[in-house]
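Working notes, structure below.
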Protein chains: 2
Amino acid sequence: MGTQMTEMLKGTLEGIVLSIVARRAGYGYEITASLREQGFVDIAEGTVYAVLVRIEQRGLVDVTRVASDKGPPRKVYAMNALGREELDRFWTTWTFLSDRLIRLHEEERSS
Amino acid sequence: MGTQMTEMLKGTLEGIVLSIVARRAGYGYEITASLREQGFVDIAEGTVYAVLVRIEQRGLVDVTRVASDKGPPRKVYAMNALGREELDRFWTTWTFLSDRLIRLHEEERSS
DNA sequence: TACCACTAAATAGTATCACTAAGTACCGCT
DNA sequence: AGCGGTACTTAGTGATACTATTTAGTGGTA
């Protein structure tokens with residue numbers, strides 16, 4: 001993947017995944033597919049699983065093993081209260097950064 | 001600084017600095033002050049200088065040493081053609097990511 | 001049976017980046 | 001001489017996404 005997007009995803013990918021899980025509980029393979037549908041075609045599976053392991057270890061999501069008729073058992077991730085707080089903080093941080101970037105972009109164009 | 005902002009700045013701080021330099025050539029200490037004025041009060045000096053070293057080594061900026069009557073000589077960074085291209089790519093990448101995050105945020109609120 | 005495709009998750013090793021913390025250097029003022 | 005402000009540098013750390021591979025389960029097919 002392009003280095004630029006790789007670096008930019010640091011710090012945002014976790015929020016993106018949390019946001020997806022917040023809308024609806026899901027498992028890794030499904031979340032990866034969801035990301036691809038949203039345009040993140042180059043995000044590797046392994047990357048998503050690493051994020052999921054991390055948010056699970058931090059207690060931001062609740063995990064349930066569910067049997068599948070199409071393959072190995074799925075680990076379904078559901079948002080909990082702690083994850084909700086983290087996601088709210090994520091949006092606050094992102095909005096702060098985004099506002100400043102928008103301003104910079106506008107100032108750059110008008111100079 | 002908060003871990004969240006630290007991680008989110010990865011990949012964007014370089015673009016922010018490039019954007020500042022694009023508007024007007026400047027030196028490290030000045031750019032750091034500019035960042036603080038724009039609300040990035042917690043970005044350490046060392047961090048900014050590291051970015052400047054990097055973009056210089058990548059040939060994205062032209063550097064001139066200018067004597068100062070208030071301290072050591074300044075290294076003034078000015079954007080060049082390569083830096084302009086990189087900055088354009090940065091905005092493209094950021095807009096892509098930002099669009100998707102905005103969509104996620106909206107969908108999250110309306111669900 | 002043997003092979004392949006798809007589903008599903010995990011892991012070891014690497015590169016990049018921002019941060020902390022400290023240091024060096026130059027100037028004017030008291 | 002000492003101090004605060006200006007200005008830049010550097011070594012070491014932690015967090016993150018990436019590459020590449022491995023392991024498992026199911027169903028279809030040559």
Side-chain angles (χ1 to χ4, degrees), chain A residues 1-18 25-36 40-58 60-61 63-77 86 90 93 97, chain B residues 1-18 25-36 40-58 60-61 63-77 86 90 93 97:
Chain A
M1 180 153 43
T3 308
Q4 220 172 29
M5 182 59 91
T6 293
E7 291 308 320
M8 220 178 280
L9 279 172
K10 291 183 181 177
T12 57
L13 182 56
E14 184 178 301
I16 290 168
V17 169
L18 279 175
Y27 55 98
Y29 197 80
E30 186 186 27
I31 291 165
T32 303
S34 172
L35 283 169
R36 296 204 201 285
F40 298 104
V41 288
D42 291 322
I43 294 183
E45 264 192 277
T47 301
V48 178
Y49 284 112
V51 172
L52 291 172
V53 165
R54 208 164 65 221
I55 63 178
E56 180 187 357
Q57 283 175 346
R58 287 193 195 154
L60 307 179
V61 286
V63 185
T64 320
R65 283 197 170 272
V66 178
S68 166
D69 55 347
K70 288 182 183 175
R74 298 164 175 166
K75 282 180 74 175
V76 175
Y77 296 85
E86 180 70 12
F90 168 79
T93 305
L97 186 58
Chain B
M1 181 152 42
T3 308
Q4 218 171 31
M5 182 59 90
T6 293
E7 292 308 320
M8 219 177 282
L9 279 172
K10 290 183 181 177
T12 57
L13 182 57
E14 185 179 300
I16 290 168
V17 170
L18 279 175
Y27 54 98
Y29 197 80
E30 188 186 26
I31 291 165
T32 303
S34 172
L35 282 169
R36 295 204 200 288
F40 298 104
V41 288
D42 291 322
I43 293 183
E45 261 192 279
T47 301
V48 179
Y49 284 111
V51 172
L52 292 172
V53 167
R54 208 165 64 222
I55 63 178
E56 180 187 356
Q57 284 176 346
R58 287 193 194 155
L60 307 179
V61 286
V63 185
T64 321
R65 285 196 169 272
V66 179
S68 165
D69 54 347
K70 289 181 182 175
R74 298 165 175 165
K75 282 180 75 175
V76 175
Y77 296 86
E86 179 71 11
F90 167 78
T93 306
L97 185 59

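Everything quoted here is computed from the prediction, not taken from an experiment. Computed over heavy atoms, backbone and side chain alike; hydrogens, waters and symmetry mates excluded. Each chain gets a letter, A, B and so on, in the order the sequences are listed, and its residues count up from 1.
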request  = Please name the pair of heavy atoms, one in A:Val48 and one in A:Gly28, separated by the smallest distance, quoted to 0.1 Å.
outcome  = CG1-O, 4.3 Å

message = Holding to side-chain hydrogen bond (donor to acceptor under 3.5 Å, both in side chains), I want the full list of residues that pass it with B:Tyr27, two or more places apart in sequence or in another chain.
response = B:Arg74

note = 5'-most to 3'-most nt of DNA chain D touching chain B (<4.0 Å, heavy-atom partner on protein side) reads D:dG5 to D:dT16

query = How is A:Leu13 classified with respect to the nucleic acid when contacts are heavy atoms under 4.0 Å: base, sugar-phosphate, or nothing?
reply = sugar-phosphate

query = Mind checking what makes side-chain hydrogen bond (donor to acceptor under 3.5 Å, both in side chains) contact with B:Glu56, not counting sequence neighbours?
reply = B:Lys75

note = By salt bridge (charged side-chain N to carboxylate O under 4.0 Å, His left out), B:Arg36 pairs with (sequence neighbours left out) none

task = Let me know the distance between CG of A:Leu97 and P of C:dA18, rounded to the nearest Å.
result = 12 Å

key: B:Arg58: partners by salt bridge (charged side-chain N to carboxylate O under 4.0 Å, His left out), with sequence neighbours left out   = B:Glu14

note = Across all chains, not counting sequence neighbours, the salt bridge (charged side-chain N to carboxylate O under 4.0 Å, His left out) partners of B:Glu30 are B:Arg24

task = Send over the distance from A:Gln4 CD to C:dA15 P, rounded to a whole Å.
result = 20 Å

inquiry  = Using the side-chain hydrogen bond (donor to acceptor under 3.5 Å, both in side chains) criterion, which residues pair with B:Thr32? Sequence neighbours excluded.
reply    = none

query = Taking atom types as they are modelled, is there a donor-acceptor pair under 3.5 Å from the base of C:dT16 to the side chain of B:Lys10?
reply = no

request  = Report, as a single string ordered 5' to 3', how protein heavy atoms within less than 4.0 Å touch nucleotides 7-14 of chain C: B base, S sugar-phosphate only, - not at all.
outcome  = BBBSB---

ask   = For B:Thr47, what residues pass the side-chain hydrogen bond (donor to acceptor under 3.5 Å, both in side chains) criterion, not counting sequence neighbours?
value = none

